[in-house]
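Scroll down for the structure; my scribbles are underneath it.
No hydrogens, no waters, no symmetry mates; every other heavy atom, side chains included, goes into these values. Throughout, protein chains are lettered first and strands after them, A, B, ... in sequence-line order, and every chain is numbered starting at 1.
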Amino acid sequence: MMIPRRTALLGLAASWTLGRSSLAFAGSSGGPDDPRLVVVILRGALDGLSAVTPYGDPDLVTYRRALVLPEPGQEGGLLDLGGFYGLHPSLATLHGLYGEGQMLPIHAVAGHYRSRSHFEAQDYLESGADERLDSGWLNRAVSVLQGKANRPDGYGLAMGLTVPLLLRGAARVGSYAPAGSQHPDADLYSQILALNAHDPVTGPAFRNALKARGFSEASRMDMGGTAVPEKSRKPDAFTHLSTAAGQMLATPHGPRIAALEIGGWDTHAGQLGRLGSPLAQLDRGIGALRQRLGESWKHTVVLAMTEFGRTVRINGTGGTDHGTGTVAFLAGGAVAGGKVGGTWPGLRSSQLFENRDLAPTTDLRAVAAGVLCDHLRLPSRAVATVFPGPAVDPMKGLVETV
Amino acid sequence: MLARADWAWRVAAHVRSGDPMDIADIALGPALRPQTRTAMHHAGSRQDALALLFSSPEFQRR
């Protein structure tokens, strides 16, 4: 059976309209000292070994010498995190926060699921379960907290075009999308151009349109390069959304929980040149959140998480493939940071998961549950509601106890 | 063409579940090129995969 293009799009457009109408702008909440939580989904699988590099592990270079950056102190080198781990140099803001005791990377985390499909794993990550549910764990947490605080309206906010599964469910949430966030990023444009490169009509049309919009060397992009804006005229979409989120979370009766996302982490090829851009976006976005939250930053926790990690070994195209264990970041004035959390599993081949991936030693749900319980004061009996399935033991010591 | 790509990306954001490859196979069947299939397989999110499908020349030319 073949469905004509217009019929296929019509069907999708109908779901778009329904999706839109199901969104409600959410209400407000209590006081200025309420705890804030921002969850950032890094879609596409962040390579944890590049973001927080265990340069002190002697086995690292045997797998991926070409991907390992110089040690701390050298030109273009890692930013030191206490002698064993080094932070990617694109994460300078996060490194500053680490120095202030406000950033806590947790290494060798993975969700409870084992899937190497982005779409499945993102569904499970956001569902907080080993299967795809119709609601996300953050929405279920909002439901419990609303009951506790006896608030008539929700206090969650999705930043972006749609509400991610993470924040969908019974509790009402708002959504906000500024005009500037409604374009694919340069990397996706490059891929679209590559698909059309040899078409006599669509190929030149794309090339010219991208040139007109200020992307340079459009003719080179279809050779596998990445489209680079000629000059950064405006902040990237994630910074834009983070700025807006920070403003809304800072208002005395505004939302208290926000969800954001960044793509561009799926570095199968040319990883060394590709990873800096999404990492820098994350870094700028967290900087924008801090700035806009102002005094409220001290009541804030940001959790950045990804669906799975990447292979320890470099592949044939200078990249890495879908893996298991990776890193998660906690940042914010309420975070008990200045150290690297988790348990390092080691990189000897007998220590790798399935002889290819960083072995996970911490359940990502335990990190999220630890933040929900100790920061948002989620009752511990509600953890099983938020994370159904195999029991979760909320991690302790992630936030400053007042 | 660029406006079509932008629109495709925005519409793709609203597809909440399912495998984008199923949509590709139903919409295009044998007309789906291996190049597009590979690009979709390597996409890091459902939205990116569908935006690639909708922006591919074989989809645009149908």
Atom pair [atom1]/[atom2] of [X] and [Y] - distance to nearest 0.5 Å:
X	Y	atom1	atom2	result
A:Ser117	B:Met21	OG	CE	11.5 Å
A:His118	B:His42	NE2	NE2	8.5 Å
B:Arg10	A:Thr162	CZ	OG1	13.0 Å
A:Ile41	B:Ser45	CD1	OG	10.5 Å
B:Arg61	A:Thr202	CZ	OG1	6.0 Å
A:Gln191	B:Ser56	CD	OG	13.0 Å

Heavy-atom neighbours of B:Asp19 CG exceed 12 at 6.0 Å =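 Yes, the 6.0 Å shell around CG holds more than 12 heavy atoms from other groups.
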
ask   = With chain B, which of A:Arg168, A:Glu307, A:His268 has the greatest number of heavy-atom pairs at distances under 4.5 Å?
value =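 The answer is A:Arg168.
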
query = Among A:Val201, A:Ile192, A:Leu165, who wins on heavy-atom pairs under 4.5 Å with chain B?
reply =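 Among the listed options, the one with the most contacts to chain B is A:Ile192.
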
Between B:Ala8, B:Ser17, B:Ala51, the one whose heavy-atom pairs under 4.5 Å with chain A are most numerous =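 Answer, by heavy-atom pair count under 4.5 Å with chain A: B:Ser17.
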
task = Before giving the answer on salt bridge (charged side-chain N to carboxylate O under 4.0 Å, His left out), spell out for B:Asp48 and A:Arg43 the whole-Å C-alpha distance, their side-chain angles and the decisive distance to 0.1 Å.
result = CA-CA 10 Å; B:Asp48 286 1; A:Arg43 287 193 198 279; over 6 Å; no

So does [Y] get a backbone contact from the side chain of [X], meaning a donor-acceptor N/O pair under 3.5 Å?
X	Y	value
A:Gln122	B:Gly44	yes
B:Gln35	A:Ala194	yes
B:Arg33	A:Leu195	yes

ask   = Considering only heavy atoms, which portion of A:Glu261 lies under 4.5 Å from any heavy atom of chain B: side chain, backbone, both, or neither?
value =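 The answer is neither part of A:Glu261.
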
query = Which heavy-atom pair separates B:Ala5 from A:Pro184 by the least distance, and what is that distance?
reply =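 Between these two residues, the closest heavy atoms are O-CG, 4.5 Å.
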
task = Can you see which heavy atom on B:Ser55 is nearest to which on A:Phe206, and at what distance?
result =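 Looks like O-CE1, 4.2 Å.
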
ask   = Would you call B:Arg46 and A:Asp123 a salt bridge, taking side-chain N to carboxylate O under 4.0 Å as the test?
value =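 Answer for the salt bridge query: yes.
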
request  = Under 4.5 Å heavy-atom distance to chain A, tell me which part of B:Ala49 shows up: side chain, backbone, both or neither.
outcome  =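 Only the side chain of B:Ala49 comes within 4.5 Å of chain A.
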
